[in-house]
Number of protein chains: 2
Amino acid sequence: MPDTASRTERLTIDVRHREVLAQVLDKWSLSVLNELCERPCRFNALRRAVPEVTQKSLTATLRKLERNGIVERVLLATRPVAVEYRITPLGKTLRGPVDVLLGWSDRYLPEIERARDRFDAPSDGDR
Amino acid sequence: MPDTASRTERLTIDVRHREVLAQVLDKWSLSVLNELCERPCRFNALRRAVPEVTQKSLTATLRKLERNGIVERVLLATRPVAVEYRITPLGKTLRGPVDVLLGWSDRYLPEIERARDRFDAPSDGDR
DNA sequence: CGGCATCCTTTGTGATACTG
DNA sequence: CAGTATCACAAAGGATGCCG
């Protein structure tokens, strides 16, 4: 397995990296990102795309992503008014990492669930 | 689902994917994983490697990773007693994704911090 | 439509103390 | 050394209602 360059040494993770990653990878951010990578979305369209998220959490997620420069909030001058969220160029750089992550979880989910079952049912099998 | 190469279609993220990713990518997991990918570690060695984590959170993180089959807890039969944590084969499959993530945050951190400054100081710069 | 404000419950986290 | 137990508090999350 070839290293990404001549980097055999691991990166250290400081508090700022942790903060960024925590915000970008939080519970709902991935889903939102996943959606916005496809197309710009209005608020309620996002809610429909991610039905489990509450309005509050979605708002918070979007603010966080906006603050970090990952998504952009665009006011549309339509009849009543509308808001559209778009991925920014910076946000697009996240698509690769996000894809890798989602691919990983999709690929290994069954194996992880088996590991959990093994871990969670010790009294039942060890007796 | 033969979707191995065609990434024109996005994966959908259901609650189970979100759960797995939330656990694997949580605040401390990445640091722990980053460390254990390098070498097996004893508990206090991990504390030293990640000084900001409290004992409690480290314990919780390790349990979570263990439950998901990402790390393995090995009891060493030394004089007093010792515990070593190792990455599992399943855990090793995470190294790629984790690397990509850390690389991303390392690469774009400055840009993100600029975006934050812009977002946080609107009244100061816009008047 | 796209929020914000409020309330309230749950979960997370740090600090501290104690045990095999 | 490697935890568990406990308390106290902060942050997250859902539910509901109101507003421009």
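Convention: sequence-line order gives letters A, B, ...; per-chain numbering from 1. Predicted model, so just to flag it, every value in this text is computed and none were measured.
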Without decimals, in angstroms, what is the distance between Gln55(A) CD and dG3(C) C1'? 6 Å

Value in whole Å for how far the P atom of dG12(C) lies from NZ of Lys27(B): 12 Å

Name the nucleic acid region contacted by Val81(A), choosing base, sugar-phosphate or nothing; use a 4.0 angstrom heavy-atom cut-off, strictly under. nothing

Short N-O contact, Arg73(B) and Glu84(B), less than 4.0 angstrom: no

Presence of Ser57(A) side-chain N/O under 4.0 Å of dA12(D) phosphate oxygens OP1/OP2: no

Could you state the CH2-C1' distance from Trp28(B) to dT13(C), rounded to the nearest angstrom? 10 Å

Are Arg116(B) and Glu111(B) ion-paired here, with the side-chain N under 4.0 Å from a carboxylate O? no

Euclidean distance, atom CZ of residue Arg73(B) to atom P of dA2(D) [Å, nearest integer]: 10 Å

Reckon Arg63(B) touches a base, only the sugar-phosphate, or nothing at all at heavy-atom distances under 4.0 Å? sugar-phosphate

Lys56(B) NZ to dC9(D) P, straight-line distance once rounded to whole Å: 14 Å

Measure the distance from CD on Glu52(B) to P on dA15(C) and round it to the nearest whole Å. 12 Å

Output yes when Glu66(B) and Lys64(B) qualify as a salt bridge under the 4.0 Å nitrogen-oxygen rule, no when they do not. no

For residues Ser31(B) and Asn34(B), is any side-chain donor paired with an opposing acceptor at under 3.5 Å? no

Taking OH from Tyr85(A) and P from dC1(C), how many angstroms apart are they, rounded to a whole number? 14 Å

Which nucleotide in dA2(D), dC1(D), dA15(C) has an atom nearest any side-chain atom of Thr54(B): dA15(C)

Hey, does the side chain of Arg42(A) come within less than 4.0 Å of dG2(C)'s phosphate (OP1/OP2), counting only N and O? yes

Can you check the Asp26(A) CG to dG13(D) C1' distance for me, whole Å? 12 Å

